Amino acid sequence: MAEILHLSKLYMPTLKEDPADAEIASHKLLLRSGMIRKTASGVYTFLPLGFRVLKKIERIVREEMDGIGSQEIMMPALQPSELWHESGRWNDYGPELMRLTDRHDHGFCLGPTHEELITALVRDELRSYKQLPVSLYQIQVKFRDEIRPRFGLLRSREFIMKDAYSFHDSQESLQQTYDDMSGAYGRICDRCALEWRAVEADSGQIGGSVSIEFMALAESGEAELVHCACGYAADAEAAECICRPAVHKVDAMEKIATPGVHTIDELAEFLSIPASATVKALSGKGADGELVVFFIPGDHELNDIKADRAVPGFAFLTDEEMESFGLHKGSMGPVGLPEEARVVADRNLKGVPAWVVGANEDGFHYVGAQLGVDFQVDEWADLCIAVPGDSCPECHCALEGARGIEVSQVFQLGDKYSRTMDATYLDKDGKEQYFIMGCYGVGVSRTLAAIVEQHNDDDGIIWPPSVAPAQVCVLPLSSDDTVMNAATGIADKLAKMGFEVAIDDRDERAGVKFADADLVGWPLQVIVGKRGVAEGKVELKRRRTGERREMSFDYMEEMMSFVNRQMRNMPQGGTNLFASFFE
Ligand code: ATP
Ligand code: MG
C-alpha cells in the first residue's frame, strides 16, 4: 500500500500571491503550489510534491525506454575537456558550456549533453558488428549556461534530461531504433497528457527525416509551428512555403507615381489591392560579394535559412551598399536592375504573370510588369517563412498556426561523432568502420512544466492522474473527531485499493483547504464534512471540471474500485479517469 501523504507533515509551502518574476502560468503555479523554489537564475530546487511529479514522469520515460530495449546507465555530469577537444565542441559549443578547472589544472565541463562521453565509452568497449546495435540511456542532470534562462523549468540552466544514444552498423538499423524512439516519445507525450505534434526539425534535404522535434502546443512556447488536419506539422522556419499570391490584372506594364510609398502595406493601401498581390524585393550579397535580389510575395517574409541555402553566405546590403549599386530602397523591382544582379524569386511567384513591384526609381512602382517580357528571373527557390493559411505541402489544405514547447527530439547523427572521435568497430570482413549513431533527448523537467502549461485554470494546476503527486486528496472540513476518523478511514481504504492518496489533516479553515487543493491540483477531492458524516455521505469534486457530487460512502467506494481497475491503462494520462462519477 502506498504511503498516505499527510499534509500536516508535508513540506508544501504554498503562496497566496503570484511571485513577481514569474511570467507564465506554469512558472507561477509551480512556485505558488510549493512544488519548486528558485535557487539562482535558471536553477531550481524540487520540493516534495514537485519531486513526486518529476519521479512519475521519469517512471513513464523509463518504462518506455526499457520497452524498446534501451538500457539504463548513469554517466557523470563532470566531463573531461579532452573529449570535447576531440569532437571540436570545446570551442564550438561556446559560452553555453559550463567550464571549470580542477586543483590540478585539468579542464572539465558540466555536461550539457553526452555524445562525447558515450562515444569515448563505446569506442573502447564495443569491438564487433556482432555486438550491435546497442541503445543506452540515462536520466540525469544537465547544465547549459543559457543566455536567457526563463519561464522556470522550461528554460533553465540546470535541468533533468533523459538522453539516449544508439550505435549501429547500418543506416537500416539506425532507422529502426530511430523509429522505435519516435514511437516511444509519442507515447511519453500521450501518457503525460500533452497535446503535441511531431515536427520535422529540418526539411530533410538529405532525404527522409533526420530529426524530429516533439512539441507540446502552448501559447507560451518559443517555437512557431504550422500544422494541418492531415497530420503534417513542421517548424514554421523549416516548412516548405506554398502559397497562392493574388493577381492584380492589367493589360500592359504601367508605371505609376507612388509618392511617399515605402512599405508593402503602404503600396497595397495606395493601390487598394491585397498585400499578397504585391511583390517584395530584398537585396543582399553572397559570400563572394555578388549582388543578389530576392523577390517574394508581398505578404510573406524571407526565411534566413532558405536565403542562405539559395545563396550561401547571404547578407543584406547596408544602405550605403544599396546606394553604391544604384538601388532604391522602398521601390526596388526586377525591371532595370543593375546588369550584374542575380535575380532569385520565390517559386510561388512563378504562376503570377504580371507583378506589382518597385520601379527602381524613388516614388514609382510598376503594375503589370510581365514575367518573361519586361524582366527575367535567373532562379526560382523556396524562400519564405510559411504562415498559417499557406497550403499544406502534403495535402494542400490550409495550414494552421500554433506555438509549441520542444519537449523532446530525436536525431540521426550518422558518423559525425564516431569519425571525429575515431570510434570504430570491425565489420564482418574484419574491416574497421565508424559507428553510425543516433541520439535522443527528453526534457524531463521541461515536460513537467509543459504539462502544467497545458493543464491549469485560474485556481491552479490540474494534474493528469498519470503524473499527479497523488490522484486523490481527502479533505476533512473540521478537526472534529468523527470527521477526522471518517476521513482517515476513507484515505486508508483508497490507499489499500491502490490509489495514491493525500489527506489534508492540517488545522486550517475549510476555505484554505479548498484553495490549496485547487492550487496543488489533485485530480479528485473527497470532501468530508460534519453533516455528511452524520448521513454517511461524502462530496466528490473533480478538479478538471469543477463538477461536484454528493454520494454515500458505499457508492463512492464501489466507484473507486471500478476506477482503480482503469488506472492500469490510462489513455491521455487518465484525464478522463474520474469522469464516470459525475455522469
Ligand atoms: P532548445 O532549442 O529549447 O534550447 P535544444 O534543442 O537545444 O533545446 P536538445 O539539445 O535537443 O535541446 O535537448 C533535448 C531536450 O532537453 C530538449 O528537447 C528539451 O526538452 C530539453 N532542454 C534543452 N534545453 C533545456 C533547458 N535550458 N531547460 C530545460 N530543458 C531543456
Ligand atoms: Mg532540440
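We count ligands from 1, going down the list as the structure has it; atoms in each ligand are counted the same way. Keep in mind it's a predicted model, so treat the numbers as computed, not measured.
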Exercise. If you stand at the Mg ion (ligand 2) and look out to OE1 of Q409 and OE2 of E406, what angle do those two lines make, to 10°?
Worked result: 110°
Exercise. With a cut-off of 4.0 Å, which atoms of ligand 1 are near a heavy atom of S408?
Worked result: 18 (O)
For this session: Look at atom 31 (C) of ligand 1 and say which protein heavy atom is nearest, naming residue and atom and giving the distance to 0.1 Å.
Result: F159 CE1, 3.3 Å
For this session: Indicate, as side chain, backbone, both or neither, the part of S156 found under 4.0 angstrom from ligand 1 when only non-hydrogen atoms are considered.
Result: both
For this session: Check I160, D163, V444 against K142 for a side-chain contact (heavy atoms from CB on, under 4.5 Å) and give me the one that passes.
Result: D163
Problem set entry | Residue part near ligand 1, for L154, under 4.0 Å between non-hydrogen atoms | backbone
For this session: Report yes or no: does a heavy atom of V407 sit under 4.0 Å from some atom of ligand 1?
Result: yes
Exercise. Does a sphere of radius 6.0 Å around CZ in R99 hold more than 12 heavy atoms from other residues, nucleotides or ligands, not counting ones at 6.0 Å or beyond?
Worked result: yes
Exercise. Counting both backbone and side chain atoms, is some N or O of G441 under 3.5 Å from an N or O of ligand 1?
Worked result: no
Seminar exercise, completed: atom 19 (C) of ligand 1 has as its nearest protein heavy atom R446 NH1, 3.5 Å
Exercise. What atoms in ligand 1 come closer than 4.0 Å to a heavy atom of E146?
Worked result: 24 (N), 26 (C), 27 (N)
For this session: Would you indicate whether the side-chain heavy atoms of L110 and V141 approach each other to under 4.5 Å?
Result: no
Exercise. Counting both backbone and side chain atoms, is some N or O of E213 under 3.5 Å from an N or O of ligand 1?
Worked result: no
For this session: Nearest 0.5 Å please: distance from the CD atom of Q79 over to the CH2 atom of W90.
Result: 10.0 Å
For this session: Would you kindly say whether N348 and H300 are connected by a side-chain donor-acceptor distance under 3.5 Å?
Result: no
Exercise. Among protein heavy atoms, which sits nearest to atom 21 (C) of ligand 1, and what does the distance come to when rounded to 0.1 Å?
Worked result: G443 CA, 3.6 Å
Problem set entry | Aromatic ring proximity, centroids under 6.0 angstrom, Y425 and F167 | no
Exercise. What is the closest protein heavy atom to atom 14 (C) of ligand 1, and at what distance does it sit?
Worked result: M161 CE, 3.8 Å
Seminar exercise, completed: Closest to atom 11 (O) of ligand 1 among protein heavy atoms sits Q409 OE1, 3.1 Å
Seminar exercise, completed: K56 and A468 have their tightest heavy-atom pair at NZ-O, 2.8 Å
Seminar exercise, completed: When rounded to the nearest 0.5 Å, the distance separating CG of L100 from CG of L78 is 6.0 Å
Exercise. Counting heavy atoms only, which part of R144 comes closer than 4.0 Å to ligand 1: side chain, backbone, both or neither?
Worked result: side chain
For this session: Heavy-atom distances under 4.0 Å are what count here, so tell me which part of E406 touches ligand 1: side chain, backbone, both or neither.
Result: both
For this session: Return the residue, atom name and 0.1 Å-rounded distance of the protein heavy atom closest to atom 1 (P) of ligand 1.
Result: R155 NH2, 3.5 Å
Problem set entry | Beyond-backbone contact of F578 with Q471, side-chain heavy atoms, under 4.5 angstrom | yes
Exercise. Is there side-chain contact between F46 and V53, with at least one heavy-atom pair below 4.5 Å?
Worked result: no
Exercise. Is there an N/O/S atom in E213 at a distance below 2.8 Å from the Mg ion (ligand 2)?
Worked result: no
For this session: Begin from the C-alpha positions of S135 and S70 and carry the test side-chain hydrogen bond (donor to acceptor under 3.5 Å, both in side chains) through to its verdict.
Result: CA-CA 5 Å; S135 168; S70 197; 2.7 Å; yes
Problem set entry | Proximity of L153 to ligand 1 by residue part, where a heavy atom lies under 4.0 Å | backbone
